Amino acid sequence: MSLRRVVVTGIGALTPIGSNANDYWDGLKNGVSGAARITRFDPEKFRTQFACELKNFNAEDHFDRKEARKMDPFTQYALVVADEAILDSKLDLDAIDHDRAGVIWGSGIGGLWTFQEEVKSYANNDNTPRFNPFFIPKMIADISAGYISIKYSFRGPNFVTVSACASATNALIDAMNYIRLGHMDIAISGGSEAAVTEAGIGGFNAMKALSERNDSPQTASRPFDKDRDGFVLGEGAAALILEEYEHAKARGAKIYAELIGGGMSADAHHITAPHPEGLGATNVMKNALRDANIQPEEVDYINVHGTSTPLGDVSETLAIKKIFGEHAYKLNISSTKSMTGHLLGAAGAIEAVACVKAMENSLVPPTINHFTDDDQLDNKLNLTFNKAQERNIRVALSNTFGFGGHNTSIIFRKLEE
Amino acid sequence: MSEIAQKVKSIIIDKLGVEESEVTPEASFTNDLGADSLDTVELIMEFEKEFNISIPDDQAENISTVGQAISYLEENVK
């Protein structure tokens, strides 16, 4: 059977460097860092005291107080970006077939803040079990997709993917495939995360996963720099409206790009460390290229996972060289996590939006904070250091890898008639 | 209005996001004030916390209006 084609017809983003897709793109293009000292709680006793928090997010600007109280922040972020993407797509919500519209969302953790607060309140009283009836429905990761479906009456496929930092890319791949196979015509897909909490920072600190550069938060996320010392936790969300090509064409929709393929693989190696030679990362890009039915030489830009950890950045570049050979040196490669921090399960969503905007603007967003070359890396690769580079991007690939050894890649292509 | 009644009303206004004028003694949490089953459970828990008492489930089932909540609490809060 021939597969249906899938295009992106709407985007929305809520990130530490911009509270909508356009502001986010301005931040990316200008190399803005979203990192600062944590404001959400007093970080004084934590080894890491900074993160990429959303700036000026106030739930009551978006929801009435009663509604806001029943949602964890990760769900609030999801609804905000879904709304922006729906408006951007100009879908006529009265005209579409709601039974053929789905929501496939990604979140690595779900309602971490809710979990933390409820358990704290239990532990702080006399151990009488007194849990809020909204505890479970606020916390569970899938509630985000549930809320979005209720808001727009999207009655098609509906679930949330959980694969740590690969979650949103898994969601986009699933949404693409269900549209390709004819199970739905429209999907709201993407991901959201809100893990900048005591439990989030403390937990990742215990793993020694986070940068501890407290004296200079804005230069802490420095993928591929010799002195990188871990990732910077970020929060936020992004949504993409994926639509079957003929459906989008028939209504005269603005088409940002075609989502032409996705790959998945596992390292099957270690719970948190990447495979040293990048085996899973190699396989996932190979799988994505095969699914998209294109040659490696057709790719112009790779938005890497590149979290700024000592091991991960090395194995990912090894994998790129394995797959792309000589063409690796002609690619533009960048890690936008240098600016946004690492949004965990939402990373794949904001980075998909980065790819789509980069293609639209023929501009590769930079990897900021490059100070010193690392001789463990191949410095002939164009890692788009410090400043955006102009380039006509026909094909962009985005990688995300998650703890657990989950790897995902997706490929966008500029639509040519 | 008793102090208890005043507190009950403000909890209901806060948790259900309703106007003070809607919170009449006859108003039913679910039929008039837009509460669902989870909201009702949360309200009972808030009453328990505010007045430092424990409301048994079989009693809680009989509290479905503002007036019922006020009279239950006026009778049982020491």
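Here the structure is a predicted model, which is why all the values come from computation and not from measurement.
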Please indicate whether [X] has more than 12 foreign heavy atoms, meaning atoms of other residues, nucleotides or ligands, lying under 6.0 Å from its [atom1].
X	atom1	answer
A:Phe115	CZ	no
A:Lys90	NZ	no
A:Tyr178	OH	no
A:Asp61	CG	yes
B:Asp57	CG	no
A:Asn58	CG	yes
B:Lys49	NZ	no

Q: With a 4.5 angstrom heavy-atom cut-off, could you sort out which part of B:Glu48 is near chain A: side chain, backbone, both or neither?
A: both
Q) For B:Ile13, is it the side chain, the backbone, both or neither that has a heavy atom under 4.5 Å from a heavy atom of chain A? A) backbone
At a heavy-atom separation under 4.5 Å, does [X] approach chain B through its side chain, its backbone, both, or neither?
X	value
A:Arg130	both
A:Phe131	backbone
A:Asn132	both

Q) Hey, is the main chain of B:Gly17 close enough, under 3.5 Å, to the side chain of A:Arg65 for a donor-acceptor pair? A) no
Q. Does the pair A:Lys66 and B:Asp39 meet the rule for a side chain to side chain contact (heavy atoms under 4.5 Å, CB included), with working shown?
A. CA-CA 10 Å; A:Lys66 182 192 171 202; B:Asp39 291 315; 4.2 Å; yes
Q: Could you tell me which non-hydrogen atom of B:Leu38 sits nearest to which non-hydrogen atom of A:Pro133, and how far apart they are?
A: O-CG, 3.3 Å
Q) Can a salt bridge be assigned to the pair B:Glu42 and A:Lys70 using a cut-off of 4.0 Å between side-chain N and carboxylate O? A) no
